[in-house]
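What follows is a single structure, written as structure tokens, with notes after it.
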Protein chains: 2
Amino acid sequence: MSSKEELAPKLEFIMSEISVCEGLVLAKNNGEVLLGQTITEMDHNSIAKSVSKMFKTKIVALNKGNMSEMTLGLDEGFLIAVKNKNLMVLGFLGSDGKSSVGLLLRQLKNIMK
Amino acid sequence: MSSKEELAPKLEFIMSEISVCEGLVLAKNNGEVLLGQTITEMDHNSIAKSVSKMFKTKIVALNKGNMSEMTLGLDEGFLIAVKNKNLMVLGFLGSDGKSSVGLLLRQLKNIMK
């Protein structure tokens with residue numbers, strides 16, 4: 001399982017490689033932020049808490065196990081979240097990042113393996 | 001805004017066109033199910049309630065407006081949900097439906113316009 005120290009340079013790399021990526025946040029599954037970098041100032045804790053809450057939703061009746069990733073489409077962009085046993089990483093894209101949703105999701109899944 | 005009667009044949013069409021699609025559920029935004037078809041018996045109401053709850057999560061700090069679509073990756077498949085002002089439609093895929101996630105999302109967005 002990757003640690004904050006191991007993940008930090010990988011997040012830097014993704015942020016520089018995907019130029020439309022507006023931010024990345026690494027947090028514990030309970031929403032406690034470990035690292036965060038966004039192009040505009042925003043409350044990383046508040047965002048991580050909301051995502052943590054969403055991940056906790058049980059969709060038992062679907063009978064497909066636990067949720068490990070989410071791609072949320074908003075009026076003006078996208079939020080991508082990938083979790084593993086302990087940590088979750090969030091990525092933010094604006095409307096101009098639509099074509100990079102798949103790429104960012106793959107990269108976040110890769111580093112959270 | 002489309003009604004249940006207008007949407008029913010469109011849902012039938014998607015279900016038959018995307019052979020890996022395991023089910024579609026049309027519900028009001030509060031989670032009240034209007035139509036549901038799944039290849040195995042499951043509690044559509046319970047699933048729609050969970051998704052309704054997730055859609056209600058406000059991620060205000062991200063400053064990107066309201067959530068209108070979600071793609072959730074689970075241990076054994078995917079749940080796709082698209083909402084408009086009054087209704088939401090949910091689509092279910094198994095692990096074998098991974099390559100159809102984008103297609104199903106587009107189709108659900110199309111009929112919910």
Side-chain angles (χ1 to χ4, degrees), chain A residues 22-23 25 31 33 36 38-84 90-99 101-102 105-106 108-109 112, chain B residues 22-23 25 31 33 36 38-84 90-99 101-102 105-106 108-109 112:
Chain A
E22 296 182 352
V25 169
V33 172
T38 47
I39 55 167
T40 56
E41 207 172 308
M42 49 179 80
D43 183 350
H44 301 165
N45 269 298
S46 163
I47 299 170
K49 289 281 179 211
S50 297
V51 172
S52 168
K53 204 177 123 191
M54 289 183 74
F55 265 135
K56 279 182 189 135
T57 309
K58 296 286 174 208
I59 315 178
V60 181
L62 192 59
N63 200 24
K64 295 208 177 295
N66 291 311
M67 217 185 298
S68 56
E69 58 181 74
M70 296 193 293
T71 301
L72 310 179
L74 301 131
D75 293 338
E76 292 159 47
F78 300 88
L79 188 161
I80 294 166
V82 178
K83 73 187 275 292
N84 61 26
L90 320 181
F92 314 134
L93 294 167
S95 305
D96 61 341
K98 194 173 192 302
S99 61
V101 167
L105 175 61
R106 274 199 306 282
L108 297 184
K109 280 169 76 167
M112 292 300 273
Chain B
E22 296 182 353
V25 169
V33 172
T38 46
I39 55 167
T40 56
E41 207 172 308
M42 49 179 80
D43 183 349
H44 301 165
N45 269 299
S46 163
I47 298 169
K49 289 280 180 213
S50 297
V51 172
S52 168
K53 204 176 123 191
M54 289 184 75
F55 266 134
K56 279 182 189 136
T57 311
K58 297 285 174 208
I59 315 180
V60 181
L62 191 60
N63 199 25
K64 294 207 177 296
N66 291 311
M67 217 186 297
S68 57
E69 59 181 73
M70 297 193 294
T71 301
L72 310 179
L74 301 132
D75 293 337
E76 291 157 49
F78 300 88
L79 188 160
I80 294 166
V82 178
K83 74 188 273 292
N84 62 25
L90 320 181
F92 313 135
L93 294 167
S95 305
D96 61 341
K98 194 174 191 303
S99 61
V101 167
L105 175 62
R106 274 199 306 282
L108 297 184
K109 280 169 77 167
M112 293 299 274

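As the structure is a prediction and not an experimental result, all values here were calculated from the model. Below, chain A is the first sequence line, B the second, and so on; all start at residue 1.
Contacts between A/Lys58 and chain B at a heavy-atom distance below 4.5 Å involve the backbone alone (N, CA, C, O). For A/Leu90, no part lies near chain B; criterion is any non-hydrogen pair under 4.5 Å. Residue A/Thr57 touches chain B through its side chain alone, counting heavy-atom pairs closer than 4.5 Å. The contact between A/Lys109 and chain B is made entirely by side chain atoms (from C-beta outward), counting heavy-atom distances below 4.5 Å.
Across every non-hydrogen atom of B/Met54 and A/Met70, the tightest pair is CE-SD, 3.8 Å. Contact detail for A/Ile80 and A/Thr71: the closest heavy-atom pair is CG1-CG2, 4.1 Å. For B/Ala61 against A/Ile47, the heavy-atom pair with the smallest separation is CB-CG1, 3.6 Å.
Per-residue counts of heavy-atom pairs under 4.5 Å with chain B were compared for A/Gly65, A/Gly102, A/Gly73; the largest is that of A/Gly73. Of the residues considered (B/Leu72, B/Asn66, B/Asp43), B/Asn66 shows the highest number of contacts with chain A, using heavy-atom pairs under 4.5 Å. Residue with the most contacts toward chain B among A/Ser68, A/Gly23, A/Ala81, A/Ser46: A/Ser68 (heavy-atom pairs, distance under 4.5 Å). Heavy-atom pairs under 4.5 Å with chain B peak, among A/Ile59, A/Val82, A/Thr38, at A/Ile59.
Residue B/Asn63 holds its CG atom at 7.5 Å from OG1 of A/Thr40, rounded to the nearest 0.5 Å.
A/Asp75 places no side-chain N or O within donor-acceptor distance of the main-chain N or O of B/Lys64, the cut-off being under 3.5 Å.
The pair A/Arg106-A/Glu69 fails the salt-bridge criterion, with no side-chain N (NZ, NE, NH1 or NH2) lying under 4.0 Å from an Asp/Glu carboxylate O.
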